[in-house]
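Notes follow once the structure below has been shown.
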There are 2 protein chains.
Amino acid sequence: MNQNTQPPDLVEPVGTAATPAFSPLYQQIKTLILQSLQGGEWKPGDVMPSEQDLAARFRVSQGTVRKAIDELAADNLVVRRQGKGTFVATHSERHIQYRFLRLQPDAGQEDRAERTIVECRRMRATAEVGRLLGLRSADPVVLVKRVLAFAGVPTILEDVWLPGIPFKGLTQEALSSDQGPMYAFFESEFGVRMVRAEEKIKAVAASAEAAALLGVEPGHPLLGVERIAYTYNDVPMELRRGLYRTDMHHYKNELS
Amino acid sequence: MNQNTQPPDLVEPVGTAATPAFSPLYQQIKTLILQSLQGGEWKPGDVMPSEQDLAARFRVSQGTVRKAIDELAADNLVVRRQGKGTFVATHSERHIQYRFLRLQPDAGQEDRAERTIVECRRMRATAEVGRLLGLRSADPVVLVKRVLAFAGVPTILEDVWLPGIPFKGLTQEALSSDQGPMYAFFESEFGVRMVRAEEKIKAVAASAEAAALLGVEPGHPLLGVERIAYTYNDVPMELRRGLYRTDMHHYKNELS
DNA sequence: CAGTGGTCTAGACCACCAA
DNA sequence: TGGTGGTCTAGACCACTGC
């Protein structure tokens, strides 16, 4: 057990030879809070209970809760606001929109994107799409194909695949009529919150179809960006394949 | 002053109307440690003084030093090793090599890179290179052009510009004979430690020269990666323009 | 075994916010 | 004014490393 006089009644992981498996208290607290987030006890944008309340609830000191929340904040799952409280992170906050979009204009401020849905239909997952989304092939998926234009210049063409079950009822009309980031729409309409993503980038030549939609000649070099976005617990919830024009934009990345 | 009975004799920033400028103690400690790192009091790979020692030196509690070091560790400036101490981060650690290279093979493990220096000469900075490196145009710079090949396939062609003053005495021979990451070489030979970097990525068509060096046809789509690498204090110390073949590799990025 | 970083607690006070 | 997160301290004990 841990070092306090009133030992918290949390699990002390049993050590085995292979996995010593010592898990600090604050990690266990983090997991518990994560489960509450996952289970929807507090929804995106909500205030969470204060550190004092959580400390009382979990029978640990405030400092331990604090460290757990620190990590959740570092993972962008939660946002702290001094004097107000801790809030569940959301993709619908103003001025932090398009958190996962790394494409930036070479000069000047970004215009608002003009969005056009090219296609939206339900289909069966191909073997590859199924594998990347953690589905069986032939499981239902939704495919959304859209174009984003900036200042009238079509710049991004992307195919978005979503698992059919959690996104049951997604229609082109709802998508088209929605303003704001797609991930905010997913939060409010389907309760699906994207937490992190991985991207693989290649340089590719524009196909005839892509060239037509993006207004370039076939063969024009484009950035091919494959993104897998995950919800809580590293469950993949979206596969997105984008083609980016980079004549006026670039993909920005910070390394450290 | 701060809340302890023995107030630490550190600066309490004066608040002005425009900038309230309250700076927590641990931030001041972080800055002081940063200055020691910058000044070379401890060199890459060295053990730093223990938290207790630093706490005594700065007249604060261990917890405050701890929080300062936590941030330095989060910035990858320092590495903690339980039971051993805190070490100044370095690019020459085995198995963490090429920390800033995001190119990965599509399948399998990466081979060791075969490196060929195509060119290495001193010149005067063009206006653009000077601007990006924070130099005046016509200031001396070193240009290194090299090719990296994996499993015999030339994959990366890059131009590296370095400010001439700190890199005085850099020769093609020294570069060629060195094994290991270039940034480790910079640390040991010139005392220059790259701390973070920014990259801007575009898709470009291979020029005739690039095509010849990379073994592709002219016009072949390549990833154009412009990197600016910084030392301590956000001072730019390297401009690197790379062309990456992405037929067998991809640029990997994690978003959160 | 001693020394290091890592965890946990308890209590105090500060900065910020809203009512 | 009271509540929230943010800072700081002091002290205890744990886990890991190396002598």
Side-chain angles (χ1 to χ4, degrees), chain A residues 1-13 15 19-31 33 42 46-74 78-89, chain B residues 1-15 19-31 33 42 46-56 58-74 78-89:
Chain A
M1 272 302 169
N2 292 282
Q3 316 67 335
N4 38 350
T5 48
Q6 282 285 46
D9 37 16
L10 293 170
V11 196
E12 184 68 10
T19 64
F22 159 76
S23 174
L25 242 193
Y26 74 87
Q27 280 290 358
Q28 302 178 38
I29 305 298
K30 184 184 175 186
T31 302
I33 296 177
W42 317 296
D46 284 1
V47 204
M48 293 170 48
S50 73
E51 297 179 350
Q52 285 294 358
D53 289 353
L54 289 172
R57 165 162 161 184
F58 297 127
R59 312 292 213 81
V60 297
S61 82
Q62 190 199 4
T64 300
V65 169
R66 174 155 265 280
K67 181 142 190 183
I69 295 181
D70 277 346
E71 294 211 345
L72 293 169
V78 128
V79 177
R80 324 187 74 138
R81 277 188 258 245
Q82 181 170 155
K84 300 173 83 173
T86 302
F87 297 76
V88 183
Chain B
M1 270 301 168
N2 292 283
Q3 310 74 331
N4 37 348
T5 49
Q6 282 287 46
D9 38 15
L10 291 170
V11 197
E12 183 69 9
V14 276
T19 63
F22 158 77
S23 173
L25 243 193
Y26 74 87
Q27 280 290 358
Q28 302 179 39
I29 304 298
K30 182 184 175 185
T31 302
I33 296 176
W42 316 298
D46 284 0
V47 204
M48 292 171 48
S50 74
E51 297 180 351
Q52 285 294 357
D53 289 353
L54 289 171
F58 297 127
R59 312 292 212 84
V60 298
S61 80
Q62 191 198 5
T64 301
V65 170
R66 174 154 263 280
K67 182 143 191 184
I69 295 181
D70 277 347
E71 293 210 345
L72 292 170
V78 127
V79 177
R80 324 187 76 139
R81 276 188 260 246
Q82 182 170 158
K84 300 173 85 172
T86 303
F87 297 76
V88 182

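Worth knowing before you read on, the calculation uses all heavy atoms, side chains too, and leaves out hydrogens, waters and symmetry mates.
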Least distance between heavy atoms, [X] atom then [Y] atom:
{"X": "A/V79", "Y": "A/A89", "answer": "CG2-CB, 4.1 Å"}
{"X": "A/V60", "Y": "A/V65", "answer": "CG2-CG2, 3.7 Å"}
{"X": "B/A68", "Y": "B/Y26", "answer": "CB-O, 3.4 Å"}
{"X": "A/I69", "Y": "A/E51", "answer": "CD1-CG, 4.1 Å"}

Among [options], which nucleotide has an atom closest to any side-chain atom of [X]?
{"X": "B/Q82", "options": "D/dT7, C/dT9, C/dG5", "result": "C/dG5"}
{"X": "A/Y26", "options": "D/dG5, D/dC8, C/dT7", "result": "C/dT7"}
{"X": "A/L25", "options": "D/dT7, C/dC8, C/dG6", "result": "C/dC8"}
{"X": "B/S50", "options": "D/dC8, C/dG5, C/dC8", "result": "C/dG5"}

Which part of the nucleic acid does B/R66 contact within heavy-atom distance under 4.0 Å: base, sugar-phosphate only, or nothing? base
Rounded to the nearest Å, what distance is computed from the [atom1] atom of residue [X] to the [atom2] atom of nucleotide [N]?
{"X": "A/K84", "N": "C/dA19", "atom1": "NZ", "atom2": "P", "result": "10 Å"}
{"X": "B/F87", "N": "D/dG18", "atom1": "CZ", "atom2": "C1'", "result": "12 Å"}
{"X": "A/E51", "N": "C/dT9", "atom1": "CD", "atom2": "C1'", "result": "15 Å"}
{"X": "B/R80", "N": "C/dT7", "atom1": "CZ", "atom2": "C1'", "result": "12 Å"}
{"X": "A/R59", "N": "C/dT9", "atom1": "CZ", "atom2": "P", "result": "12 Å"}
{"X": "A/K67", "N": "D/dG6", "atom1": "NZ", "atom2": "P", "result": "15 Å"}
{"X": "B/D70", "N": "C/dG5", "atom1": "CG", "atom2": "C1'", "result": "10 Å"}
{"X": "A/Q62", "N": "C/dA12", "atom1": "CD", "atom2": "P", "result": "13 Å"}

Under 4.0 Å from OP1 or OP2 of [N]: is there any side-chain N or O of [X] that close?
{"X": "A/T86", "N": "D/dT4", "result": "no"}
{"X": "B/S61", "N": "D/dC8", "result": "no"}
{"X": "B/R81", "N": "C/dG5", "result": "no"}

Quick one: does any side-chain atom of B/Q28 pair with a main-chain N or O of B/S23 as donor and acceptor, under 3.5 Å? yes
